[in-house]
Every structure is written in structure tokens, then in C-alpha cells.
Amino acid sequence: MNSVHEGASYLISNYVFPNDLHVHWSMMIVLYPYLSGLVDGAFIVAALYYVFGVKSLKPIARFSLIFALSFLLCVGMPVMLHLGRPERNLNMLITPSPSSAMAGGGYLFMVTLAVLLLLILFLYRTFLVKQQRQSKGLKRLFYQVLTFGSDNLSDEALALDEKVIKFLAALGIPVATIFHGYVGFLFGGVKANPSWSTPLMPVIFLFSACVSGISGIILAYIVIKRFRKEAVDTACVRTLINTLFGFFILAFSFEMLEVFSHHYLRSGYHHMVEGLLNGPLFISFWIWQVGICSLGPLLILGWLCLLRVKDSAFVIGSAIVSFILLLQVLFMRWNVIIGGQLMSKSARGYTEFHPEWFDKEGIIAVVFVMAVPFIILFILSRIFPLWMEGKSEAQGAGGK
Amino acid sequence: MEQPESTLSEDRRQFIKKVLKGTIAGSLLLVLPAGAGNLKVPEQIKGIRNRPWELAKQNFAFIVDITRCIGCGSCCVADKREFNVPDGHYRTWVERYLKDFDDAVYVDSPKGGLDGYQEPRTDIKKEIRDTFFVPKLCNMCHEPSCVQVCPVGATYRSPDGFVLVDSDRCVGCAYCIQACPYSVRFLHPVTHTAEKCTWCYHRVRKGLLPACVEVCPTGARKFGDLNDPESEVTQILKGPGVLTVLKKEMGNWPALYYKGLRREVV
């Protein structure tokens with residue numbers, strides 16, 4: 001202890017404030033940004049087609065939107081499971097405190113949901129009208145509600161639909177961006193936590209959201225197509241992988257920039273963050289998030305994007321890299337949210353987190369929350385056909 | 001043969017009458033109002049009783065004198081009893097600091113200091129240069145992070161300077177717990193709402209000192225109105241002693257001051 005400086009001496013006692021022993025934001029708060037990130041990324045994929053006209057993404061454009069809706073409908077679940085008094089959740093909408101970043105969440109969620117729902121209903125209008133004409137009774141009423149009672153399929157009406165779709169998709173980009181940026185800011189705005197309070201946090205969350213969403217779309221598309229023994233559109237997957245590569249380089253660069261900044265600036269808190277990453281988070285951060293789940297995918301994505309790879313190998317490589325990147329984002333969320341809370345505000349020690357199995361925020365609940373979006377996706381696919389190969393966009397909704 | 005039986009019945013009747021009278025008298029005592037006006041305890045904060053509460057006129061401050069704290073834990077016990085604080089959660093706690101000759105600092109706070117620091121630490125083999133105790137409680141910030149982040153306005157700062165929680169409105173999101181730089185908040189395991197030290201607002205409104213201040217045997221905890229020129233806290237604030245606040249760089253402007261605070265304290 002001859003060369004003791006304040007930072008080192010802080011850590012000797014490993015003193016955690018008595019109220020910091022418990023990790024208050026646990027796995028449900030990890031899932032919340034994870035689910036909303038999947039929505040955001042899936043929406044970006046759809047926007048690339050509907051707004052920016054990336055034609056090769058046509059096969060998955062509608063699927064991306066239904067995928068986004070399935071997950072968006074579940075975003076509230078982990079929050080409700082987390083709240084101490086979930087029955088009072090509407091207070092956030094009825095009596096929001098304007099100074100709180102969290103108070104806007106409910107409204108942002110509703111705006112995102114409204115835009116996404118409207119976009120889907122307009123996209124599928126032709127199909128829904130045809131279904132309405134073919135059905136009777138309650139089923140007919142159901143389709144009437146979905147088409148807002150309008151069965152006008154004239155050329156003018158369809159042309160207007162196209163305009164509305166483009167407008168909603170364009171509007172969806174800032175809405176989805178603000179929604180997920182807000183989620184990142186929930187953490188970035190906590191000045192009491194040195195590993196959270198950085199303006200980079202919303203940016204990191206946004207790019208990693210795009211990574212997880214695009215990966216989710218690629219993996220789900222390949223798995224569903226293989227399961228149904230249908231051909232995978234490799235041109236589409238190649239475009240997605242290229243996009244994924246770009247977003248992942250940005251996401252990973254910002255993640256590393258934050259660590260590097262802490263390391264280089266060596267401010268008083270650096271010693272705490274350094275001790276956290278090299279101590280309690282060493283395995284989940286350096287080994288899993290950075291090593292296996294980031295450097296690995298960078299190599300695979302480099303191979304897929306920069307070299308000539310056969311179609312069959314490309315599809316397998318894409319599925320693998322997407323799966324790993326989905327894990328990467330999950331580890332990132334874990335390391336930021338749970339990891340950040342392991343540092344006591346005493347700046348002198350770290351607490352521990354032990355997930356429980358049967359708690360309302362436990363492992364079983366996590367599995368349940370992650371399974372529900374897929375059940376919803378299945379149900380929605382019965383109403384809104386996921387695929388529309390070989391049809392032009394205006395008439396495409398007419399059948400599978 | 002009948003005479004003794006009659007006396008026995010008479011005794012029994014008398015006994016039952018007495019029991020009944022006692023029960024009724026005891027019950028009446030229970031239901032009779034016992035408002036602040038009937039308080040036997042003399043007023044501890046001047047000028048509060050027998051006048052309307054003027055919210056904005058008070059400017060309360062709390063001062064902790066590090067040089068006086070002996071780590072007895074009385075304040076923690078008083079607090080736990082006053083609020084029935086659940087085990088493992090703390091509205092207030094006392095930390096023990098040890099410093100060796102290499103300037104290494106060792107801090108601990110077993111059970112938040114509830115049992116008092118009766119035994120020295122045996123796990124440190126170094127020679128100790130200095131040791132002191134630091135009581136912690138809500139800083140009642142002028143710009144409280146908890147109030148800023150509460151999404152439903154359940155946590156608020158009253159005009160008389162108290163940061164309080166409305167447990168009927170709190171949704172239990174724990175955002176305030178994350179935002180508090182001093183970690184004075186916790187989620188109550190029964191009500192599932194946020195809780196923290198209130199500087200005993202309910203007692204102050206009756207002219208009584210916070211429970212921890214009242215029981216402190218060495219006067220390490222001081223409480224009073226800074227607008228009262230004769231209050232003890234005003235005298236200390238005017239005096240030559242160095243007063244400081246915790247985590248000044250957070251910009252929360254606490255109303256909790258520390259006298260004789262060491263730079264090692266976070």
C-alpha cells in the first residue's frame with residue numbers, strides 16, 4: 001500500500017451503502033429496453049423498404065411490421081411486472097410529472113403503437129376488404145372494424161393508401177427513434193450512477209436496438225422459412241446483413257467509446273467503473289459482450305459482407321451471426337442495467353445480483369415474457385399474412 | 001347452611017360490578033381524543049404550537065456533527081421504532097470509518113449501525129491512525145433528483161423544505177431510488193412504495209424534534225429553523241466551524257449539513 005491514491009483506497013473496504021445491497025431494477029428492466037429495441041430495429045427494416053425504397057427488402061417488409069407490433073404489444077408487460085403497485089400504472093398517464101423523463105414513456109408508447117397499427121391497417125387494407133367481402137357474421141364485423149368500415153378499392157383510394165403508408169412509415173422513423181432514445185435516456189439521465197450518466201447512452205441504446213431488431217428479423221425469417229420448407233430470398237438477407245454490419249459497427253464503436261472515454265479521462269468515478277468491468281462484470285462484459293458476442297460477429301459479418309460467400313453458407317452464417325448479436329444486445333442491456341446497479345453510490349464497493357426462479361421478476365417470468373410476443377406473432381399471422389412474394393405493394397395484400 | 005352461600009354470591013356480584021366499571025373506564029380512556037393540544041411533552045421547536053402552520057416561513061436545516069458522534073446507534077433504534085422500519089432497510093444509518101497510516105480507508109456499517117459499534121474491527125491488521133462515525137439520512141435537497149424523476153409526482157418537495165413521499169400515489173417504479181445520489185431510499189417490502197427519512201415531519205409539525213435528534217446522547221444531530229436567529233442550527237451556521245454537504249458536485253443543494261466532515265466521506 002505504498003502508492004495508495006484515493007481511487008485505490010476507495011475500493012479497499014468494499015463498502016456498499018445499506019440500501020444499495022438490493023438491486024432494484026432487475027431482469028424485467030433488462031427486458032423492457034430489449035423488447036422495445038427489437039420493435040425499433042424491426043421498424044427500421046420496414047422503413048428502409050417503405051420510405052427509402054430498398055426493393056430487395058420487399059419479402060420481409062410486412063413481416064417486419066407484424067414482428068414489431070407483436071413485440072410492441074408486450075413492451076408494457078415487464079414494466080407491469082416490475083412496478084411495486086402495478087394497479088396504479090395509469091397514474092403515469094393521468095397525473096404525469098412533467099419534470100420526469102419516465103412520465104413521457106406511456107405517451108410515447110401509445111403514439112408508437114398508434115402509428116404502427118395504422119400503418120399495418122393501411123398496408124393490409126386491400127386484403128382486409130377482400131376478407132370482409134368473403135366472410136359473414138362476427139367475422140365480417142371484425143374485418144369491418146379493421147378497415148374502418150371502408151371497402152373502397154378504387155384506384156384513387158389505393159393511390160391515397162400508398163401516400164398514407166409512405167407518410168406513416170416516414171413518421172414512424174422519428175417516433176421509433178424517440179421512443180427508444182427515450183428508453184436510453186431513462187438511464188443516461190441518472191446522474192447518481194456514473195456508469196449510466198452519459199449523453200452517449202441514448203445513442204448506444206438506439207444503435208444496439210437497430211442491431212437487435214435487424215438480427216431478430218433475419219433469424220426469424222430464416223427459421224420460419226426453413227420450418228415451412230420455403231426458399232429463403234438471399235438477396236433480401238444479403239441486404240439485411242449489410243445493413244446489420246453498418247449498424248453493428250456503429251453500436252459497438254459507441255459502446256467501446258464510452259469505456260475508452262472513462263478509461264482515458266480517469267475521473268474520480270473511473271476507478272469505480274473500471275473496477276466494475278474488470279471485477280463483477282468481467283465475464284459478462286469482456287468475455288461475452290465484447291469477446292464472443294461482438295468480436296465474433298464482426299469477423300463473421302466481415303466474412304459475409306466482404307468476401308464472396310455461397311448462398312447456402314451465407315444463409316447459415318446470417319442465422320448464426322444474428323443469433324449471436326441478439327445475445328450481444330441482451331448482454332449489453334444486462335451489463336448496463338444490472339451491472340450499473342452493482343456499483344454502490346458509496347463509490348467504495350459492489351453488491352451482488354442473484355436472479356430468482358419464481359419471483360415476479362424471476363427467470364420463469366422472463367421466459368414467459370419472451371415467449372408471449374411469439375404467441376402474439378402467431379395469432380397476428382392468422383389475421384395479417386406475413387409474406388407477399390410476387391405481388392406489387394398496392395395489390396400485394398390480396399394474398400400470400 | 002345458607003348464610004355462607006349468600007355472602008359468596010354477594011362477593012361475586014361485587015367483583016363482576018368492579019370488573020365492568022374498570023372495563024368501561026378503561027375503554028373511555030382509549031376513545032377519548034388525545035390531540036396535540038393534550039401533549040404533555042414540552043415544545044421542542046419554538047413557535048410551532050398554537051399557531052397556524054406557515055408553510056413558506058420555515059427554513060429547516062439538519063446538522064450532523066461528526067466530531068460528536070460516538071456510534072452508539074441510538075438514533076437508528078429510535079428511527080426504526082418511530083417508523084417500524086423493516087429489517088434490511090434504512091431511513092438512517094451510521095457508518096464507521098477507519099484510516100490507517102497509508103491513508104487507506106476502511107468503512108463498514110453492519111446492520112446500519114443499529115446495534116451500535118460495541119466492538120472494534122478485528123479484520124484489519126494495519127495500525128489505525130484515526131477513526132470516526134458518520135450518521136446518514138435524507139439530505140432534503142433543494143433540487144432533489146428524486147422529485148425530478150418521479151413520473152407521477154408522488155415524491156414532492158413541500159414549501160417548508162421537506163422532501164416527502166405520498167405513498168397513496170407512488171407506483172413503486174424505484175426510479176427515485178436510482179436517482180438519489182445518497183441512497184437513502186428503499187422500496188418498502190409491505191407497501192411496495194418508496195420510503196425514506198422524512199426528518200420526522202409528523203413530529204416537527206407538532207413542535208417536536210425528529211426522533212433521532214431527541215435520543216442522540218451527545219448532541220451530534222441538530223435540527224431547527226434557520227429563520228429563527230436563536231435556533232441552535234442558526235448559531236452553528238453562523239459560527240466558525242466548517243460546515244459542508246455530501247456530494248456537492250451532484251448539484252442537489254442539500255439542507256443536511258455536516259460539521260467536521262472528513263474528505264474521505266462519500
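Each chain gets a letter, A, B and so on, in the order its sequence line appears, and its residues count up from 1.
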Asker: Between A:L186 and chain B, with a heavy-atom cut-off of 4.5 Å, which part of the residue counts as in contact: side chain, backbone, both or neither?
Answerer: both
Asker: Just give me the residue among B:G172, B:P151, B:A194 that pairs up with chain A most often, heavy atom to heavy atom, under 4.5 Å.
Answerer: B:P151
Asker: Under 4.5 Å, counting heavy-atom pairs only, tell me which of B:A174, B:G153, B:S145, B:A154 racks up the most with chain A.
Answerer: B:A174
Asker: Under 4.5 Å heavy-atom distance to chain A, tell me which part of B:Y97 shows up: side chain, backbone, both or neither.
Answerer: side chain
Asker: Whether the side chain of A:R85 engages the backbone of B:R169 through a donor-acceptor N/O pair (distance < 3.5 Å, no angle test) should be reported.
Answerer: no
Asker: Would you call B:N252 and A:K191 a side-chain contact if the rule is heavy atoms closer than 4.5 Å?
Answerer: yes
Asker: Select, from B:K136, B:H89, B:E95, the one with the greatest count of heavy-atom pairs under 4.5 Å involving chain A.
Answerer: B:E95
Asker: Which heavy atom in B:V266 sits nearest to a heavy atom in A:A347, and how many Å separate them?
Answerer: CG1-CB, 4.5 Å
Asker: Check each atom of B:C150 against the heavy atoms of chain A and say whether the ones under 4.5 Å are side chain, backbone, both or neither.
Answerer: backbone
Asker: Heavy-atom cut-off 4.5 Å, strictly under: side chain, backbone, both or neither for B:S167 against chain A?
Answerer: backbone
Asker: Is B:I177 close to A:W25 at the side-chain level, that is, under 4.5 Å between some pair of heavy atoms?
Answerer: no
Asker: Do A:H82 side-chain atoms and B:C173 backbone N/O form a donor-acceptor pair below 3.5 Å?
Answerer: yes
Asker: Looking at chain A, which one of B:V149, B:T193, B:V184, B:D123 has the largest number of heavy-atom pairs inside 4.5 Å, strictly under?
Answerer: B:V149
Asker: Take a 6.0 Å sphere around CD of A:E87 and say whether it holds more than 12 heavy atoms from other residues, nucleotides or ligands.
Answerer: yes
Asker: At a 4.5 Å cut-off on heavy atoms, which part of B:Y182 comes close to chain A: side chain, backbone, both, or neither?
Answerer: backbone
Asker: Are A:F17 and B:W93 packed together at the side-chain level, in the sense that at least one heavy-atom pair is separated by less than 4.5 angstrom?
Answerer: yes
Asker: For chain A, which candidate among B:C170, B:G88, B:G112 shows the most heavy-atom pairs at distances under 4.5 Å?
Answerer: B:C170
Asker: When you compare the side chain of A:R88 with that of B:V152, does any pair of heavy atoms fall below 4.5 Å?
Answerer: no
Asker: Can you tell which part of A:Q341 gets under 4.5 Å to a heavy atom of chain B, answering side chain, backbone, both or neither?
Answerer: side chain
Asker: Less than 4.5 Å to any heavy atom of chain A: does that hold for the side chain of B:E249, its backbone, both, or neither?
Answerer: side chain
Asker: Taking all non-hydrogen atoms of both residues into account, name the closest pair between B:M250 and A:Y269 and its distance.
Answerer: CE-OH, 3.4 Å
Asker: Working to the nearest 0.5 angstrom, can you tell me the gap between B:Q148 CD and A:M102 CE?
Answerer: 12.5 Å
Asker: Hey, could you give me the CG/OH distance between A:L21 and B:Y90, rounded to the nearest 0.5 Å?
Answerer: 8.0 Å
Asker: Is B:K111 close to chain A through its backbone or its side chain, or both, or neither, when contacts mean heavy atoms under 4.5 Å?
Answerer: neither
Asker: Has B:E119 got more than 12 heavy atoms of other residues, nucleotides or ligands less than 6.0 Å from its CD?
Answerer: no
